[in-house]
Amino acid sequence: MNNAQLGNAAQKKAQSVNQIPSTSEEIKLAARPVVSYSGTQQNELLAALPRQDLETLFEHLELVPLPFGKELFEYGSKLEYVYFPTTAIVSLLYVMEDGATTEIAVVGHEGAVGVSLFMGERATCSAVVQSAGYGYRLKTQYLRDAFNKGGALPQLLMRYTNALFAQMAQNAVGGRHSSIEQKLCRWLLDRLDRSPSNELKVTQELISIMLGVRRESITAAAGKLQDEGLIQYRRGNITVLNRQGLEDYAGECYKVAKSEYDRLLMDVSRA
């Protein structure tokens, strides 16, 4: 081997050594799942961003597993991350001092959880993963930096926030004026809109907690919907057999919020 070959071999060896992570931070970064453009398209907000704007976030986005029951943040806590679910579904919950819980909104692949545009902002509710899956995580500081640069992101987030408020408003109205059957239909449809199939893994106990009603009421309502051929319920699993029937049953409890949500999200996709 001549001197030139020896030099090339030494250079390649040095390069391979330099590529080995030497610090805990480098090891952590090396183990992080690769963020791809096609992967981010599974979240509608990220997909609506111009490609150049989206790629500027790649260095800071993390693809993370979101297991069932994981609490992303609790009421009053500092919002450190914003999450963009892809296959997971997250419940936004209000928890009373006595532990009573009510769901105020649900977020899936269409949105984001934990948006914080002000330094030191605190959570006004709790966020818990209700259907396991994945999502992208971004430190709120990076979100604020991108927001302050302008472009498409600020308008997308403001339109989405309006859509989320529309969902919360309709949930409040429905909680006051709808029957148990209508509430259950709307709750199932909200999940169906964010799920890849017509099967939902959920217990009647969890539904009763989310809706703030007695479990016996959910059992009776689910039995009625099953008798009418709208759903099939087995322990821990609900299969929707007739989606249109559920929508008709839910009435305004679902349709008003859905139409407003679709309109606002259509604006997002066009932005």
Side-chain angles (χ1 to χ4, degrees), residues 42-44 64-72 83 85-95 99-111 113 125-135 167-168 170-171 174-258 261-262:
Q42 295 180 70
N43 178 275
E44 293 178 25
V64 294
L66 299 175
F68 172 77
K70 178 178 177 63
E71 186 176 65
L72 304 184
Y83 295 84
T86 54
T87 55
I89 299 176
V90 180
S91 287
L92 302 184
L93 309 171
Y94 190 85
V95 182
T101 302
T102 300
E103 182 180 80
I104 57 177
V106 61
V107 180
H109 56 75
E110 84 294 344
V113 179
C125 63
S126 297
V128 178
V129 178
Q130 195 171 89
S131 180
Y134 286 84
Q167 183 190 163
M168 291 179 177
Q170 191 59 31
N171 284 350
R176 172 71 172 160
H177 299 289
S178 300
S179 67
I180 295 295
E181 290 81 8
Q182 287 177 313
K183 292 177 184 177
L184 176 57
C185 288
R186 188 212 72 220
W187 195 91
L188 294 174
L189 288 165
D190 281 344
R191 270 90 196 143
L192 210 60
D193 289 340
R194 296 162 174 84
S195 300
S197 72
N198 64 338
E199 293 187 8
L200 304 172
K201 294 186 181 300
V202 62
T203 63
Q204 291 184 1
E205 182 177 3
L206 178 60
I207 298 174
S208 68
I209 293 173
M210 295 295 101
L211 292 181
V213 299
R214 296 170 61 246
R215 179 178 176 179
E216 292 79 5
S217 299
I218 296 300
T219 300
K224 186 174 182 179
L225 296 180
Q226 182 164 254
D227 291 343
E228 296 186 18
L230 302 181
I231 66 172
Q232 183 179 60
Y233 179 76
R234 294 190 181 91
R235 187 174 182 85
N237 190 80
I238 294 178
T239 301
V240 175
L241 304 176
N242 185 346
R243 182 193 171 101
Q244 187 58 53
L246 281 185
E247 290 188 17
D248 293 340
Y249 213 121
E252 281 189 69
C253 189
Y254 171 75
K255 291 180 180 177
V256 172
K258 183 66 165 64
Y261 215 60
D262 287 344

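Across Ala221 and Ile180, no two heavy atoms sit closer than the pair CB-CG2, 3.7 Å. Nearest heavy-atom pair across Ser197 and Leu192 is O-CD1, 3.6 Å. The minimum heavy-atom distance between Ile89 and Ser195, with the atom names listed, is CD1-OG, 3.6 Å. The nearest pair of heavy atoms linking Ala250 to Cys185 is CB-CB, 3.8 Å. Of all heavy-atom pairs between Met168 and Ala105, the closest is CG-CB, 4.0 Å. For Val113 against Ala127, the heavy-atom pair with the smallest separation is CG1-CB, 3.8 Å.
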_Ile218 vs Trp187, side-chain contact (heavy atoms from CB on, under 4.5 Å): CA-CA, chis, key distance, verdict_ = CA-CA 11 Å; Ile218 296 300; Trp187 195 91; over 6 Å; no
*asked:* Quick one, Val202 with Gln130, criterion side-chain contact (heavy atoms from CB on, under 4.5 Å). Give me CA distance, side-chain angles, the key distance, then yes/no.
replied: CA-CA 9 Å; Val202 62; Gln130 195 171 89; 5.7 Å; no
*Between Asn237 and Lys201, is a side-chain contact (heavy atoms from CB on, under 4.5 Å) present by the stated rule, with each step listed?*
CA-CA 4 Å; Asn237 190 80; Lys201 294 186 181 300; 3.9 Å; yes
*side-chain contact (heavy atoms from CB on, under 4.5 Å) between Ser91 and Met210: does it pass, once the steps are laid out?*
CA-CA 9 Å; Ser91 287; Met210 295 295 101; 4.1 Å; yes
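Contacts of Gln232 classified as side chain to side chain contact (heavy atoms under 4.5 Å, CB included), with partners at least two apart in sequence or in another chain: Gln226, Arg234, Thr239, Leu241. Here Thr203 pairs with nothing under the side chain to side chain donor-acceptor pair (under 3.5 Å) rule; sequence neighbours left out. For Gln204, the side chain to side chain donor-acceptor pair (under 3.5 Å) criterion is met by Thr219, not counting sequence neighbours. Residues that satisfy the side chain to side chain contact (heavy atoms under 4.5 Å, CB included) test with Leu230, not counting sequence neighbours, are Leu225, Glu228, Asn242, Leu246, Tyr249. Annotation: side chain to side chain contact (heavy atoms under 4.5 Å, CB included) contacts of Thr87 (sequence neighbours excluded): Gln42, Tyr134. For the side chain to side chain contact (heavy atoms under 4.5 Å, CB included) test, residues two or more places apart in sequence or in another chain that qualify with Val128 are Glu71, Leu93. By the salt bridge (Lys or Arg N to Asp or Glu O under 4.0 Å) test, Arg243 is found to be paired with Asp193, Glu247, residues two or more places apart in sequence or in another chain being considered.
How far OG1 of Thr101 is from CG of Leu211: 12.0 Å, rounded to the nearest 0.5 Å. Note that CG of Leu72 is 10.0 Å distant from OG of Ser126, once rounded to the nearest 0.5 Å.
Residues Arg186 and Asn171 have side chains in contact (heavy-atom distance under 4.5 Å, counting atoms from C-beta outward).
Between Leu184 and the options Ile238, Ile207, Val213, a side-chain contact (heavy atoms from CB on, under 4.5 Å) holds for only Ile207.
Annotation: Tyr233, atom OH; neighbour count of heavy atoms from other residues, nucleotides and ligands within 6.0 Å is above 12.
The salt bridge (Lys or Arg N to Asp or Glu O under 4.0 Å) analysis of residues 207-226, with sequence neighbours excluded, yields the pairs Arg214-Glu216.
Panel note: side chain Asn43, backbone Gly111; a donor-acceptor pair is recorded below 3.5 Å.
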